[in-house]
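Note that the structure is predicted; figures quoted are calculated from it, not measured.
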Number of protein chains: 2
Amino acid sequence: MKPRITLKKIAREFGVSISTVSKALKDSHEISEETRGKIKAFADYYNYKPNNLALQLRNQKTSVIGVIVPEIVHHFFSTVINGIEKYATERGYNVMVCLSNESYEKEVSNMSMLTNGSVDGLIVSIARETLQNQNFKHFEAIIKDDFPLVLFDRINDDIECDKVIIDDIGGAFKATNHLVEIGSKRIALLTTQDFITVGSLRKKGYIKSLNKSKISVDEGLIYKIDDNLDLYEQIKNVFTSKNTPDAILAVNEIYAAIALKVAKESGLKIPEDIAIIGFTSGLISEYTDPPLTCVEQHGFLMGKQVAELLINRIENVSPSEFQKVVISPNLKIRKSTLDD
Amino acid sequence: MKPRITLKKIAREFGVSISTVSKALKDSHEISEETRGKIKAFADYYNYKPNNLALQLRNQKTSVIGVIVPEIVHHFFSTVINGIEKYATERGYNVMVCLSNESYEKEVSNMSMLTNGSVDGLIVSIARETLQNQNFKHFEAIIKDDFPLVLFDRINDDIECDKVIIDDIGGAFKATNHLVEIGSKRIALLTTQDFITVGSLRKKGYIKSLNKSKISVDEGLIYKIDDNLDLYEQIKNVFTSKNTPDAILAVNEIYAAIALKVAKESGLKIPEDIAIIGFTSGLISEYTDPPLTCVEQHGFLMGKQVAELLINRIENVSPSEFQKVVISPNLKIRKSTLDD
DNA sequence: TAACCATACTCTAACGTTTGCGTAAAAAAG
DNA sequence: CTTTTTTACGCAAACGTTAGAGTATGGTTA
């Protein structure tokens, strides 16, 4: 790469000082019309642009926000990133995305690298491994220095910072209520392992709804899916079990789509024999047959909220106590539960 | 945010010079065991980490690569980013992602911001608007300075740099051949408008296959879908036209899934009455009913290749002439074309 | 006791930028 | 013709870091 043109080189060219060049390019009245003109022409010709690193170092401000997500090939996370990016751009910030890949170690190293001056603030959705370890020292370390931090979706209540979450309990509650309303009695839950916060919260909403409707909770209808094993085989168990459900609530889109597939393979009619609802984030629910009723998570809105909290925190216009924004999901009713 | 601890502060604390502190932390033999010890203990206690901006400025190297994609809520692009990130991490680089949002202006401003010192090299997939304008001055500007640049997927041949593309012609050729082999005679093509390179290349592969099989090309079977209009309505036309096809090749997953849906609504059996193939990038094809046969694009591999070319270019281990890597897609046969 | 050497530092420049302050020369005012 | 003001610049410090060159102190050697 050719070395870029700098103030120093321009200064040398005209035999003036660096500050003269700097001021000339800023149209300072301290510099004569004539000098300004020739310096600007020269700078323009050589396409001078101030070096960002130097500016950031001097201004002690990067106008970059760092985002660490567990993965990016995931409709929900990429939608949130999209929301973050849109809002950040409006407020004059750029976005640097890093992936923790669900790994504790990578989350730590990403955080360490980003907080060493590269960004003005950090947005994180916690890695699965970290949630499993319950090791949050890396968060505490930056919080101690008042480093601006916002957590979203995968959060931990012990970490003291701004947070944005989906009302998972409410979403699962709404979804389960809907199933009860259409007459389901034996509602299976396809959820994640307990340490995934969203999974356990959605389970709470499911139980809350059953309690409200005076339906007893059957632990045999609750399936904790392990993402590291074969999903298809695990979900098949729901249908081979003697304890057969007449409805399924899945905590994500993939579980729901697989359940739908397996149900059809088992000769079941949807929604007559079995109704299915998933939490969605992507486009799958829309294109299955029948399309899946689902809890929509508003990832884009979430991204905007997260970015807003962070930038307000960076620019010191936030209230001093930390905020927790809860986004209400809504139920999108499609033909997997109601066939009109 | 509390000001971070710096060498200067540590130096002041012990009444030594900044360079003494720097050397002590680097375990230099120039500094006495005793001084080293207390400085390191102090630095450790206050969690000293060198400021990245300062290092980057001094070393004239950021170890960050910039990525500009048209959108991120798109399985193909996020998969490529994933590949880039994985490979970059292995080689000690971080990734900064920006979105052009298909806008020329935003692409230009993102490039300008990233090339002013923030990153060591740039990976770009060109925005739709830029391809439409054919205005590539912003690329020429950075190429003139030998700024490391790699284009992928949405490229332009006039831009002189390393490139990675999918063999779109080959992919469409394979897919069309498959349709011909299963007996299709009237194969419709759902493609994009002409200025999208991938759309027009896939059209070429489609035509090449028809020519090979001595099937005449019927322009009435080629539908150019406008992404800004209602997709569903546009695709409906394929089925209401008198010129009905017995197979459909769609240049992306969404077009294919919608075609499948409309076909079923029209009472057509798949694949008996009409076979459907899409180019895929996401998970939709897998969960439709029947699952869609599709051309798989290997986004992850593409990301790795792109990152490798770029980092080799940055580290000056590339051959001086520019490379063009072509990735062959493969045909994943599912039940939308072959029902066994 | 002068010359030499090792030790343990400090100084300085460099990366690229901005900005308040100082100042020489020219112009205006008295 | 002196004093003041204006013009048009240069200087230096600051952001945080590194690394080669320079130096004061003390001890060893001839």
Would you mind reading off the distance between [X] atom [atom1] and [N] atom [atom2], rounded to a whole angstrom?
X       : N      : atom1 : atom2 : result
B/Ile31 : C/dC11 : CD1   : P     : 13 Å
B/Glu34 : C/dC9  : CD    : C1'   : 13 Å
A/Arg12 : D/dG10 : CZ    : C1'   : 17 Å
B/Lys61 : C/dG16 : NZ    : P     : 16 Å
A/Leu25 : D/dC9  : CG    : C1'   : 15 Å
B/His29 : D/dA19 : NE2   : C1'   : 12 Å

Quiz item: Do any of residues 114-121 of chain B sit with a heavy atom less than 4.0 Å from DNA chain D, and if so which?
Solution: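 Under 4.0 Å from DNA chain D: no residue of residues 114-121 of chain B.
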
Practice problem: Report yes if the side chains of A/Ile123 and A/Ile84 come closer than 4.5 Å at any heavy-atom pair, otherwise no. | Solution: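 Yes. Closest side-chain heavy atoms under 4.5 Å.
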
Exercise. Identify, with sequence neighbours excluded, every residue that meets side chain to side chain donor-acceptor pair (under 3.5 Å) alongside B/Thr35.
Key: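 For B/Thr35, the residues satisfying side chain to side chain donor-acceptor pair (under 3.5 Å) (neighbours in sequence not counted) are B/Ser32.
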
Practice problem: State which residues pass side chain to side chain donor-acceptor pair (under 3.5 Å) with B/Arg12; sequence neighbours excluded, sorted by chain then number. | Solution: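 Result, side chain to side chain donor-acceptor pair (under 3.5 Å) vs B/Arg12: none returned.
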
Atom pairs under 3.5 Å: protein N/O with N/O of nucleotides 5-7 of chain C:
none

Results of salt bridge (charged side-chain N to carboxylate O under 4.0 Å, His left out) for [X] - residues two or more places apart only:
X        : answer
B/Lys26  : none
B/Glu315 : B/Arg91
B/Lys163 : none
B/Lys304 : none

Exercise. Hey, could you give me each pair passing salt bridge (charged side-chain N to carboxylate O under 4.0 Å, His left out) that has a residue in residues 103-117 of chain B? Not counting sequence neighbours.
Key: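 As it turns out, the salt bridge (charged side-chain N to carboxylate O under 4.0 Å, His left out) pairs with a partner in residues 103-117 of chain B, which skip direct neighbours, are A/Glu85-B/Lys106.
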
Quiz item: Tell me, which pairs form a salt bridge (charged side-chain N to carboxylate O under 4.0 Å, His left out) where one or both residues lie in residues 114-140 of chain A, sequence neighbours left out?
Solution: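 For residues 114-140 of chain A, and leaving out neighbouring residues, the salt bridge (charged side-chain N to carboxylate O under 4.0 Å, His left out) pairs sorted by first residue read A/Lys61-A/Asp120, A/Glu102-A/Arg128, A/Arg128-A/Asp227.
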
Please tabulate, one pair per line, each protein N/O and nucleotide N/O from nucleotides 11-18 of chain D that are separated by under 3.5 Å, including the distance.
from   : atom 1 : to      : atom 2 : distance (Å)
D/dC11 : N4     : A/Ser19 : OG     : 2.7
D/dC15 : OP2    : B/Lys8  : NZ     : 2.5
D/dC15 : O3'    : A/Gln60 : OE1    : 3.3
D/dC15 : O3'    : A/Gln60 : NE2    : 3.3
D/dC15 : O2     : A/Arg58 : N      : 3.4
D/dG16 : OP1    : A/Gln60 : NE2    : 3.1
D/dG16 : N2     : B/Ala54 : O      : 3.4
D/dT17 : OP1    : B/Tyr48 : OH     : 2.5
D/dT17 : OP1    : B/Asn51 : N      : 3.1
D/dT17 : OP2    : B/Leu7  : N      : 2.8
D/dT17 : O5'    : B/Tyr48 : OH     : 3.4
D/dT17 : O2     : B/Arg58 : NE     : 3.3
D/dT18 : OP1    : B/Lys26 : NZ     : 2.9
D/dT18 : OP2    : B/Ser22 : OG     : 3.0
D/dT18 : O4'    : B/Arg58 : NE     : 3.3
D/dT18 : O2     : B/Arg58 : NE     : 3.1
D/dT18 : O2     : B/Arg58 : NH2    : 2.2

Self-check item: Sequence neighbours excluded - ring-ring contact (aromatic ring centres under 6.0 Å, His included) pairs with any residue from residues 56-88 of chain B
Solution: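 Qualifying pairs: B/His74-B/Phe77.
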
Quiz item: Is the shortest side-chain N/O distance from B/Thr35 to OP1 or OP2 of C/dA8 below 4.0 Å?
Solution: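 No, no such contact exists.
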
Quiz item: Would you find a donor on one side and an acceptor on the other, under 3.5 Å apart, between the side chain of A/Asn82 and the backbone of B/Ile72?
Solution: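 Flag not set: sc A/Asn82 to bb B/Ile72 has no pair under 3.5 Å.
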
